Amino acid sequence: MPRLSLFGLPLRFRGKREAYTIKRMISVAEAIQIVKEQIRPLPVERTELAHALGRFLAEDIIADSDLPPFDRSQMDGYALRAEDLKTIPAQLGIAGESAAGKGWHNELKPGEAVRIMTGAPVPVGADSVQQVELTREINDGRFVEILESVERGKSIVTRGSEIKRGQTVLRAGERINSAMMAVLASCGYAEVKVGSRPRIAVLATGSELVPVTAQPERDQIRDSNNYSIAAYAQVAGAVVERLPLASDDPQLLKSQIAEATERFDVVVTSGGVSMGVYDFTKTALRELGAHLFFERVALRPGKPTVFARLANGTSVFGLPGNPVSVSVTFNLFARTALLAMQGASEPALQEKTAVLARSVKGTVERESYLPARLQTNDEGYLMAEPLKWGGSSDFIAFARASALLIVPQGIKSLAEGSKVRVVRLPD
Ligand code: AMP
Ligand code: MG
């Protein structure tokens, strides 16, 4: 293994995908690095442009023509020569009309103007457009009076000023947003190469769980993790299936995981990874021959998170059962895998800096990812307001969080006003 390191983490070369097991508790950064290393992009596919929103580009997007493709008028008005407006008002002869889609393709001579519409080509010889509000047609439309002078070049977008033919406009690995749809359309991409969507199965484990349609009886609760995980996975671009609930029965759990791993690229389980007598997820994975890359992360909440791979290549994320731990660990690790599979250039949540609005407590041996609301204050600072919450089971309070604020390992508390790292939570 190469001895390069980044921030103290061992760097392994991409492409080398050797299996390694880490038993010790690893840092969040290390765990994310392992996920990025171990996950390979899925095959590329072509999609119709209309279905490309939210997908990750698998090719650079190149302009196939100059944009605009001709000198284009930005206004309804008159195309003219600025030097013909030395005395104001100036009278110019109207030589013709240039409309969007039907230009006037002669040469404008001195003393002439062409009636022009927004989006129409500016005729050769004209160097400016005066807007119609500052003009008046006279003599039955044979002449126009220009009421104000113009600076040369006014209201003309020159050919190629937005993009030149052959230039790269978007790069492989970028996520296609609504505005980029216009770019793709303008460049003629009726179909676009994108990373395939990962197929993911969501499997909640726990004998206390009942489906949302059921009235919980004594000792039971409704499963909520399957819904939050499926929603986050969908937002991350995956195609999701929620599997029937699994009870804490080692044999059944094993066969349910085995079945799921046959049909999906990723399986995300929740529950059953702690130290309890009925926590069977890791045993099931081991008995299925899965390779566990890590199983303990120095993270609060979410310490017992598992990342594993089956011999057939299916990745498994074993998340803890607490609904808040689920949201935190899914977005830190499983989401990173789903985006990496789609070829994202930035698969992990991106950290930003904010100012802490109220003091928070950290943990000595773990990094804390605490629910917070981000808001810009009147001075323009991004403020992170920690939520009042009852811990990793309090998903009601967590539903109001827009971000996680990070308290580094070993820091007992952070004072109000200090700078904190934050990651925005996906919707
Ligand atoms: P576990 O990690 O299995 O020990 O579960 C930790 C806590 O999360 C327990 O209180 C469980 O009842 C709860 N829990 C586990 N799975 C779910 C789920 N799918 N929906 C809601 N709560 C859950
Ligand atoms: Mg459980």
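Start at 1 and go down the list; that is how both ligands and their atoms are numbered. Along the sequence shown, the residues carry numbers beginning at 1. Only a predicted model underlies this, so the values are computations on that prediction, with no experimental measurement involved.
Taking the side-chain hydrogen bond (donor to acceptor under 3.5 Å, both in side chains) definition, one finds that Glu241 meets it with Arg263, sequence neighbours left out. By the salt bridge (charged side-chain N to carboxylate O under 4.0 Å, His left out) test, Arg222 pairs with no residue at all, sequence neighbours left out. Here Arg366 pairs with nothing under the salt bridge (charged side-chain N to carboxylate O under 4.0 Å, His left out) rule; sequence neighbours left out.
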Considering only N or O atoms, set out every pair between ligand 1 and the protein closer than 3.5 Å, with distances to one decimal place.
residue, atom, partner, partner atom, Å
ligand 1, 2 (O), Gly321, N, 2.9
ligand 1, 3 (O), Gly272, N, 2.9
ligand 1, 8 (O), Gly321, O, 3.3
ligand 1, 8 (O), Asn322, N, 3.3
ligand 1, 12 (O), Glu208, OE2, 2.5
ligand 1, 14 (N), Gly321, O, 3.3
ligand 1, 16 (N), Asn225, ND2, 3.4
ligand 1, 19 (N), Asp223, OD1, 2.8
ligand 1, 19 (N), Asn225, ND2, 3.3
ligand 1, 20 (N), Ser224, N, 3.0
ligand 1, 20 (N), Asn225, N, 3.4

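No side-chain donor-acceptor contact under 3.5 Å links Asn322 and Ser393.
At distances below 3.5 Å, at least one donor-acceptor pair connects side-chain atoms of Thr281 with backbone N or O atoms of Gly271.
Atom CG in Leu49 sits 12.5 Å away from atom CZ in Arg46 (nearest 0.5 Å).
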